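Read through the structure below, which is laid out as structure tokens, and then see the notes.
From a predicted model like this one, the values you see are computed outputs, not experimental measurements. All ligand and atom numbering here is 1-based and tracks the order in the structure.
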Amino acid sequence: MSVRAARLAFVIAAALPAIFGAGQGMLVSTASASGFPVATDVRLGGDAEQTRFVVDLSRRVGINAFILADPYRVVIDLPQVAFQFPRKAGQQGRGLIKAFRYGLVMLGGSRIVIDLKGPARIEKAFSLEAAQGQPARLVLDLVATDRESFMRTLALDGRVARPDSVRRVEKVVRSDGDTRPVIVIDPGHGGIDEGTHAANGVTEKAIVLEFSKRLRGRLEKTGKYRILMTRSDDQYVTLADRVRFARTNKAALFISVHADALPRSEGDARGASIYTLSDTASDAEAARLADKENRADVIAGVDLSSEPNDVADILIDLAQRETKAFSMQFARTLSGELKSVARLHKKPLKSAGFRVLKSPDVPSVLLELGYVSNRSDLKQITSDAWQTRTSEAVVEAVRTYFLTQLAGAAP
Ligand SMILES: [Zn+2]
């Protein structure tokens with residue numbers, strides 16, 4: 001079969017656009033809301049030459065499968081389904097498959113991202129109606145290939161790997177004369193990208209969303225700011241879209257919220273940290289974390305390389321100098337406020353090349369609430385009392401920051 005024929009064979013149905021318009025701007029719960037097809041089980045078969053991936057479904061859905069390189073992956077896009085796989089599904093691979101993950105990538109769209117052990121070709125990708133006592137199924141057949149053929153298929157197929165299918169965060173432009181500064185809260189991760197995990201299974205994406213909502217409530221109560229969130233439910237948003245969202249809405253401040261984890265071998269770090277953008281990381285830990293956070297799009301199967309660069313480098317350079325100074329100012333204020341209510345990391349102010357902090361014109365910080373790998377941090381950051389007093393401290397820092405800004409702008 002020629003490469004082109006192979007590509008046609010696995011583009012089964014572009015089912016996403018039809019559903020995409022339906023729920024835009026609404027909050028749709030990702031729980032197994034009634035009406036969505038249910039993915040009930042998953043099986044792997046075969047060996048390092050040929051591997052079969054099968055998903056049982058409550059009813060047949062259209063699928064679109066494509067490959068991504070570096071690392072080698074297969075992505076299967078499908079309409080929104082409720083995943084009810086066994087708890088550890090995806091952690092262990094077989095044959096050509098190293099591991100896989102799955103989840104929502106946008107309203108109406110789910111995705112399965114399969115990490116490959118090496119270059120492979122999609123021999124077949126199709127879905128079947130239920131028949132002869134068997135449930136409806138999604139079937140993916142992979143065959144081992146070499147890097148050259150893999151890259152050739154990828155080049156021919158580049159079109160489908162574009163992140164166009166990923167949800168664009170809605171643009172919110174006000175025309176009602178509201179002149180209050182806009183603050184964008186950015187809960188990290190979401191949907192298929194769960195972030196780090198605590199030993200008890202709690203995910204970073206859930207912790208940071210809960211904290212962000214609480215912070216939104218507290219900030220809104222002051223009546224002084226307009227608060228927007230890059231996500232307010234369990235959805236995946238690309239890093240570039242988070243940045244774009246802040247810029248489109250002319251945010252005066254961008255606060256990204258995360259919770260880190262460390263492998264046991266790297267010690268038992270604890271406490272909150274505040275990061276700002278820098279070309280050179282302030283230390284090895286900051287560099288490691290930025291690397292990890294910047295991989296969010298890889299985790300969700302979106303190629304970083306295909307993201308267009310919004311802003312010319314020279315503009316970034318000019319605007320960023322001022323923006324950086326403001327970001328630093330807010331980071332320092334925030335660390336001062338947090339000090340009295342939460343345990344801070346022994347070196348709480350750090351910098352590194354986080355993609356999500358790269359708005360040239362929006363002062364941006366990334367707040368790491370603490371370490372989910374540290375038992376006492378985890379207990380703190382998931383507790384009501386801690387979240388309440390910490391969000392109050394952020395509100396205080398925001399207040400001080402904008403007061404200083406106003407003072408600075410006065411003649
Ligand atoms: Zn994170």
Side-chain angles (χ1 to χ4, degrees), residues 101 103-105 113 166 169 184-215 229-243 245-246 254-263 266 269-278 281-302 304 327 331 334 338 342 344-345 348-359 364-374 377-378 380-382 386-387 390-391 394:
R101 54 196 165 270
L104 200 64
V105 283
V113 181
V166 173
V169 186
V184 170
I185 304 174
D186 174 51
H189 312 279
I192 191 171
D193 170 21
E194 301 192 320
T196 55
H197 291 243
N200 64 3
V202 177
T203 58
E204 177 184 357
K205 68 174 183 178
I207 297 172
V208 300
L209 181 60
E210 196 194 339
F211 179 81
S212 297
K213 283 181 167 169
R214 200 177 294 245
L215 178 58
M229 284 170 71
T230 53
R231 71 178 179 96
S232 46
D233 57 7
D234 184 22
Q235 282 191 55
Y236 171 72
V237 182
T238 69
L239 297 174
D241 267 352
R242 294 167 193 260
V243 172
F245 180 75
F254 176 89
I255 307 172
S256 192
V257 183
H258 288 258
D260 199 7
L262 272 184
E266 287 178 43
R270 55 194 196 178
S273 307
I274 302 140
Y275 289 83
T276 50
L277 178 68
S278 161
S282 55
D283 57 42
E285 197 197 333
R288 172 196 63 82
L289 185 69
D291 267 8
K292 200 168 74 177
E293 298 294 1
N294 289 347
R295 278 180 49 80
D297 289 349
V298 172
I299 287 166
V302 177
L304 290 179
S327 305
L334 182 55
L338 287 178
L344 294 190
H345 188 272
L349 286 174
K350 289 186 277 255
S351 59
F354 292 93
R355 278 179 60 86
V356 81
L357 299 181
K358 284 194 172 163
S359 295
S364 306
V365 303
L366 188 147
L367 169 61
E368 289 277 349
L369 298 175
Y371 291 82
V372 302
S373 50
N374 177 283
D377 263 17
L378 178 65
Q380 291 270 306
I381 68 179
T382 50
W386 186 93
Q387 287 208 357
T390 302
S391 51
V394 179

*Are any of the side-chain nitrogens in Arg288 or Asp260 under 4.0 Å away from the carboxylate oxygens of its partner?*
yes
_So, 2.8 Å as the limit: is an N/O/S atom of Glu204 located closer than that to the Zn ion (ligand 1)?_
yes
_Atom name in Glu293, limited to N/O/S, at shortest distance from the Zn ion (ligand 1)_ = OE2
*Atom nearest to the Zn ion (ligand 1) - His258, N, O or S atoms considered*: ND1
*With a 4.5 Å limit on heavy-atom distance, are the side chains of Lys292 and His258 in contact?*
no
*Regarding Glu368 and His345, is there a side-chain donor-to-acceptor distance under 3.5 Å anywhere?*
no
*Phe211 and Trp386 aromatic ring geometry - parallel, tilted or perpendicular at 30°/60° bounds*: tilted
